[in-house]
There are 2 protein chains.
Amino acid sequence: MSEIKTGAAAVGRRRPARERLLVAAARRFYADGVTATGIDTVIAEADVAKTSLYNNFSSKAELVRAYLDTRHEEWLATYRTRLEGTAGPREAVLAVFDTYADCAEAARETGFRGCGLLNVAAELPVGDAGRDVVRRHKETVEELIVGHLGQLLPERPGEASALGEHLSFLLEGAMARAGLEGDGSRLAHARTLAAALLDGATDKS
Amino acid sequence: MSEIKTGAAAVGRRRPARERLLVAAARRFYADGVTATGIDTVIAEADVAKTSLYNNFSSKAELVRAYLDTRHEEWLATYRTRLEGTAGPREAVLAVFDTYADCAEAARETGFRGCGLLNVAAELPVGDAGRDVVRRHKETVEELIVGHLGQLLPERPGEASALGEHLSFLLEGAMARAGLEGDGSRLAHARTLAAALLDGATDKS
DNA sequence: CGTTAAATGGACAGACCTGTACAGTTTAGC
DNA sequence: GCTAAACTGTACAGGTCTGTCCATTTAACG
């Protein structure tokens, strides 16, 4: 009878509580903020018993932590998809910008409100472990850009890291502004500015 | 015993409740976030009766709104001070970057955590009036930059607005990263990058 | 069928939240 | 000194918060 299980799972079987909780938490945490979202709201949206939450996560803080980790992994997955279609380091850098635009587009229907990771960090006090998760995420983004620039400017590593920081600031700032305005047009502008910077850097060589 | 009171008044008389509340709210809201900070915490830090809070503000939301307005005004005051010492539009643009660095420095002792306005916006749901206050604040910052660039590149208004957006992204992104890292070095980098962009733009003419 | 793991629903404790009420005290200006 | 305005301290109402507990039901699988 394992085929029933597999079949049901394939068609529309109820997903395990942990998964449902993470999906519900993602929606509520992103839309309303972590602190303003109560456990009861999350379990109601997940349609799950409170006991099931505390069987999967030892506390709300751990659920928040899982939310942060999940969003980081999702970002990486989106980025890898974007990267697949690229040819060369210049396009690979722009794929990072496109990944941000994808995030904005994904959040558009429910209400785009900027970077979910950064928004959580804004709620956490100095010293909270969650802030380090977000800091490392942003460092990863910058490192990915710098890595591609290393290929684009092989004989100028110093310029690659400086330009990488520049581009990551550009990207992060555009995301913040886009989040305030509720749409992704600022991110499109940033992509254009980034492309011009890339062309300028390669022209010089 | 009125001389004790008066003496204290002459030396450092107790400031009115509203003022004390705004100072206390600024500290707690910035350090711990708006939602995580209760009214009781604010009045305890302000050393003020709860009645005094509700005599000055009709609700916590109005206190938050006053906090946002105050921070915007403070930013403008810091900016004007920075602007005084400048000679020419190039330095005026960099004064905006210096203003951000001043904000980071001011928050350093208690724990720098990025832009106080943006952090509040990150807690507010889409449609909240507070988000518009922050959005307009950031637009003001960009417009100030664009205004200086209009003087720097008088015959190229289109370039001025594009470069202004670029610089404001750079600034905002650096602030976000600096907040995550807890110090202002990213802002110093952004200032350097901005100066290079300004030089590049004027060289072309 | 029987075992085991997962999930349920709801009650509960104890703390904290916002906002109100009220009676009394302090302060400033005339 | 008197009046009006500002402020105090505290108690309270009515919610909501996180986290625990427990008795029960459901589902998977040998």
Side-chain angles (χ1 to χ4, degrees), chain A residues 1-25 28-29 31-67 120 123-125 128 130, chain B residues 1-25 28-29 31-67 120 123-125 128 130:
Chain A
M1 289 309 176
S2 65
E3 63 178 304
I4 285 178
K5 170 189 164 190
T6 341
V11 178
R13 182 169 144 24
R14 205 163 196 276
R15 313 196 74 103
R18 181 184 172 90
E19 223 169 301
R20 302 167 63 78
L21 281 164
L22 283 173
V23 170
R28 309 312 307 166
F29 285 170
D32 301 329
V34 163
T35 315
T37 301
I39 283 301
D40 289 347
T41 306
V42 174
I43 65 171
E45 182 146 336
D47 197 22
V48 145
K50 188 182 277 195
T51 315
S52 297
L53 192 162
Y54 285 100
N55 281 342
N56 284 281
F57 306 95
S58 70
S59 67
K60 182 187 177 182
E62 204 187 280
L63 176 61
V64 172
R65 176 59 187 271
Y67 167 64
V120 173
E123 293 198 53
L124 301 175
D128 189 293
Chain B
M1 298 304 183
S2 66
E3 60 178 306
I4 287 177
K5 203 191 310 173
T6 337
V11 179
R13 186 172 144 21
R14 207 166 195 274
R15 315 196 73 104
R18 181 185 172 88
E19 224 168 301
R20 300 168 63 78
L21 281 164
L22 284 172
V23 170
R28 309 313 306 167
F29 285 171
D32 301 329
V34 163
T35 315
T37 301
I39 283 301
D40 289 347
T41 305
V42 174
I43 65 170
E45 182 146 337
D47 197 22
V48 145
K50 188 182 278 195
T51 315
S52 297
L53 193 162
Y54 285 100
N55 281 343
N56 285 280
F57 305 95
S58 70
S59 65
K60 182 187 176 181
E62 205 187 277
L63 176 62
V64 171
R65 175 59 186 271
Y67 167 65
V120 173
E123 293 198 52
L124 301 175
D128 188 293

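Quick caveat: nothing in here was measured; it's all calculated off a predicted structure. Chain naming here is simple, since letters A, B, ... match the order of the sequence lines and numbering starts at 1 in each.
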* How would nucleotides 13-24 of chain C be written as a contact map, 5' to 3', with B for base contact, S for sugar-phosphate-only contact and - for no contact, using protein heavy atoms under 4.0 Å? -> ----SBBBBB--
* How long is the line joining CD of A:E62 and C1' of D:dT18, in whole Å? -> 14 Å
* **Rounded interatomic separation in angstrom, taking CG from B:D47 and P from D:dC7** => 13 Å
* Asked: Which residue pairs pass the salt bridge (charged side-chain N to carboxylate O under 4.0 Å, His left out) test with at least one member in residues 41-54 of chain A, sequence neighbours excluded?
  -> A:R14-A:D47, A:R27-A:E45, A:R28-A:E45, A:D40-A:K50
* **side-chain contact (heavy atoms from CB on, under 4.5 Å) involving A:A36 - partner list, sequence neighbours excluded** => B:T35
* **Note, A:L22 side chain near A:F57 side chain (heavy atom, < 4.5 Å)** => yes
* Asked: For DNA chain D, which ranges pair as stems of 3 or more consecutive Watson-Crick or G-U pairs, with both donor-acceptor distances under 3.5 Å?
  -> C:1-30 with D:1-30
* Would A:Y67 and A:V120 satisfy side-chain contact (heavy atoms from CB on, under 4.5 Å), going step by step from the backbone distance to the final call? -> CA-CA 10 Å; A:Y67 167 64; A:V120 173; 3.6 Å; yes
* Rounded distance (Å) that lies between atom C1' of D:dT8 and atom CG of B:N56 -> 14 Å
* Scan residues 53-66 of chain A for pairs that pass salt bridge (charged side-chain N to carboxylate O under 4.0 Å, His left out), counting only residues two or more places apart or in two chains. => A:R65-A:D69
* Could you give the CD1-to-C1' distance, from B:I43 to D:dG9, as a whole number of Å? -> 10 Å
* Structure fact -> For B:R15 and B:R20, the nearest pair of non-hydrogen atoms, with its separation, is O-CD, 3.0 Å
* **Intermediate values then yes/no, side-chain contact (heavy atoms from CB on, under 4.5 Å), B:L63 and B:Y54** => CA-CA 9 Å; B:L63 176 62; B:Y54 285 100; over 6 Å; no
* To do: Figure out the CG/P separation between A:N55 and C:dT8, and round it to whole Å.
  => 10 Å
* Structure fact -> In whole angstroms, the gap separating P of C:dT26 from CZ of B:R15 amounts to 23 Å
* Structure fact -> Rounded to the nearest 0.5 angstrom, the CG-CG distance for B:L53 and B:L21 is 5.0 Å
